[in-house]
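In each ligand, atom 1 is the first atom listed, and ligand 1 is the first ligand listed. Because the structure is predicted, anything quoted here is derived from the model rather than measured. Values below: all heavy atoms of this structure, side chains included; hydrogens, waters and symmetry mates excluded.
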Amino acid sequence: MPTLILTRRDTLKLLVMKDVLRVVEQGFRDWTEGNGVMPPKAYLQVKDGDFRAMPALLPGAAGLKWVNVHTGNPSIGLPTVMAVLICNDPTTGYPLAVMDATDITAYRTGATSAIASKYLARKNSNTMGVIGAGRQAYTQILAHVELFSFQRIKVYDVFPQVTERLIKSLPDYPIEASSIVDAVQSDIVCTVTTARQPVVKQEWVLPGTHINAVGADAEGKQELEPTVLKMSRVVVDDIRQAAKAGEINVPITRGIYSQHEVYGTLGELVTGKKNGRTDDRQITIFDSTGVAIEDIAVAYLLYTSALEKDMGLNVNLVDA
Ligand SMILES: NC(=O)c1ccc[n+]([C@@H]2O[C@H](COP(=O)([O-])OP(=O)(O)OC[C@H]3O[C@@H](n4cnc5c(N)ncnc54)[C@H](O)[C@@H]3O)[C@@H](O)[C@H]2O)c1
């Protein structure tokens, strides 16, 4: 039996944001209803970055993503985040596919934020602010425009040329470069920087804002002033990961915030166990650390659509 190899070029051809949104939301539903298993990710620290091992089981597929975060990479022409994923048959363990997961990571991260916005942002949200204009910013926008109709998408990055590159890459949408304060003063805000110190100040955040805090996904990272958490309804993807490595990790370590203040998980919103936003002036935050459930849901989707389209390279990886 062959194992299917999918390169980054293959996965980019197969990734369709509308379908990614559907399977990621279903992945959160399955996991929350007890039809999925996911231990927290394991981190391996190296001098210039880190690696994460991310296993999960969902109906149909088990798998493991091996992903890095090396913040100096853009200066040498490599992505900050790259990933490889093994997708297995859960019954026999057979490796069904091995695939590049660099763009799977970006698409599922964007999709997860947009799903959080669906439950937590005001329904009439018509402005989006993006802080940090790198690889993840692109898919945060791609995912949100599937669910919201924005009049303005305001982008800020410390490097104006990075903002300009992002604007050029999405010519069909009303995107503009903005100051950080203007970007924060949007209905939906996505923070996707590699910062380790807060970049969003409490005084800039308006009532009714929804923030997807995406960049802080390892110990010691944060993007929001902790007081923003204190005045908000905070939802996490996984409390075990968020407390150790998400937006709330530094405030918890410093004793400014407690994990008991977290309102709930995205899975609880998706399954209707808890309400999302309850009034128009509430400030809401989704603390995204990135969970393997998202990756395996998308990887299995790409595996099945590659089989249908006869794409990829079949190799006898295991058979002697
Ligand atoms: N939560 C998740 O599921 C998830 C998934 C993937 C990546 N991430 C994290 O998201 C972050 C961004 O990843 P990426 O692949 O887009 O990286 P990237 O290097 O492509 O882009 C990051 C951008 O942030 C900008 N930036 C850094 N500090 C800033 C600041 N103070 N203000 C404004 N802009 C600033 C940089 O100039 C850069 O353009 C990383 O920290 C990564 O670890 C999280």
Of the protein's non-hydrogen atoms, which lies at the shortest distance from [atom], and what is that distance?
| atom | answer |
| --- | --- |
| atom 24 (O) of ligand 1 | T193 CA, 3.5 Å |
| atom 20 (O) of ligand 1 | R135 N, 3.0 Å |
| atom 5 (C) of ligand 1 | T109 OG1, 3.3 Å |
| atom 31 (N) of ligand 1 | V199 CG1, 3.0 Å |
| atom 16 (O) of ligand 1 | Q136 N, 2.9 Å |
| atom 25 (C) of ligand 1 | D157 OD2, 3.1 Å |
| atom 27 (C) of ligand 1 | T194 OG1, 3.4 Å |
| atom 21 (O) of ligand 1 | G134 CA, 3.2 Å |

Distance under 4.0 Å to a non-hydrogen atom of [X]: what atoms of ligand 1 satisfy this?
| X | result |
| --- | --- |
| F159 | 37 (O) |
| K221 | 40 (C), 41 (O), 42 (C), 43 (O) |
| V162 | 39 (O) |
| V69 | 43 (O) |
| Y156 | 32 (N), 33 (C) |
| T289 | 1 (N), 2 (C), 3 (O) |
| S288 | 1 (N), 2 (C), 3 (O) |

R52 charged N/C atom sitting above Y43 aromatic ring, 6.0 Å / 45°
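No, R52 does not sit over the ring of Y43.
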Quick one: does R52 get an N or O within less than 3.5 Å of an N or O on ligand 1?
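It does not: no N or O of R52 is found under 3.5 Å from an N or O of ligand 1.
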Would you mind telling me if ligand 1 is within reach of the side chain of [X], the backbone, both or neither, using heavy atoms under 4.0 Å?
| X | value |
| --- | --- |
| A106 | neither |
| M82 | neither |
| V214 | both |
| Q197 | neither |
| D217 | side chain |
| V158 | both |

Tell me whether the rings of H70 and F51 are parallel (<30°), tilted (30 to 60°) or perpendicular (>60°).
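Perpendicular, since the angle between the ring planes exceeds 60°.
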* Asked: Of the listed options (I131, V192, T80), which comes nearest to atom 22 (C) of ligand 1 when hydrogens are ignored and any heavy atom counts?
  ->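 Comparing heavy atoms across I131, V192, T80, the nearest one to atom 22 (C) of ligand 1 lies in V192.
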Proximity winner for atom 10 (O) of ligand 1, if only heavy atoms of G215, S75, A242 are counted:
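Comparing heavy atoms across G215, S75, A242, the nearest one to atom 10 (O) of ligand 1 lies in G215.
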- Task: Take every heavy atom of E294, measure it against each atom of ligand 1, and state whether any distance is under 4.0 Å.
- Result: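 Heavy atoms of E294 never come under 4.0 Å of ligand 1.
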Contact check, E223 vs ligand 1, heavy-atom distance below 4.0 Å:
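So E223 does not count as touching ligand 1.
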message: Taking the side chain as everything from C-beta on, heavy atoms only, tell me whether V235 gets closer than 4.5 Å to L120.
response: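 Sidechains of L120 and V235: in contact.
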**Prompt:** Within the side chain of K41, is there an N or O that forms a donor-acceptor pair under 3.5 Å with the backbone of T289?
**Reply:**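 Such a contact is found between K41 side chain and T289 backbone.
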* Is the backbone of D182 close enough, under 3.5 Å, to the side chain of S179 for a donor and an acceptor to pair up by distance? ->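 Side chain of S179 to backbone of D182, a donor-acceptor pair under 3.5 Å: yes, one is there.
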Result block: side-chain N/O donor-acceptor pairs under 3.5 angstrom for residues 9-23, not counting sequence neighbours:
from : atom 1 : to : atom 2 : distance (Å)
D10  : OD2    : T7 : N      : 2.9
D10  : OD2    : T7 : OG1    : 3.2
T11  : OG1    : R8 : O      : 3.0

- [ ] Nearest 0.5 Å please: distance from the OG atom of S186 over to the CE atom of M128.
- [x]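 That separation rounds to 9.0 Å.
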- Can you get from V189 to L229 by hopping between Ile, Leu, Val, Met, Phe, Trp and Tyr side chains that sit under 4.5 Å apart?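 In one cluster: yes.
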Show the atom names and distances, to 0.1 Å, of all donor-acceptor pairs under 3.5 Å that link a side chain in residues 163-173 to residues at least two apart or in another chain.
from : atom 1 : to   : atom 2 : distance (Å)
T163 : OG1    : D157 : N      : 3.4
S169 : OG     : L166 : O      : 2.7

TODO: Show the numbers, then the answer: is there a side-chain contact (heavy atoms from CB on, under 4.5 Å) between D295 and T105?
DONE: CA-CA 7 Å; D295 299 298; T105 300; 4.2 Å; yes
May I ask you to say whether [X] pairs ionically with [Y], meaning some side-chain N is under 4.0 Å from a carboxylate O?
| X | Y | result |
| --- | --- | --- |
| K244 | E219 | no |
| E25 | R29 | yes |
| E261 | K230 | yes |

Between R277 and T284, is any side-chain donor less than 3.5 angstrom from a side-chain acceptor?
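Side chains of R277 and T284: pair found under 3.5 Å.
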Quiz item: Quick one: do the D30 and Q26 side chains pair a donor with an acceptor below 3.5 Å?
Solution: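 Q26 and D30 do have a side-chain donor-acceptor pair below 3.5 Å.
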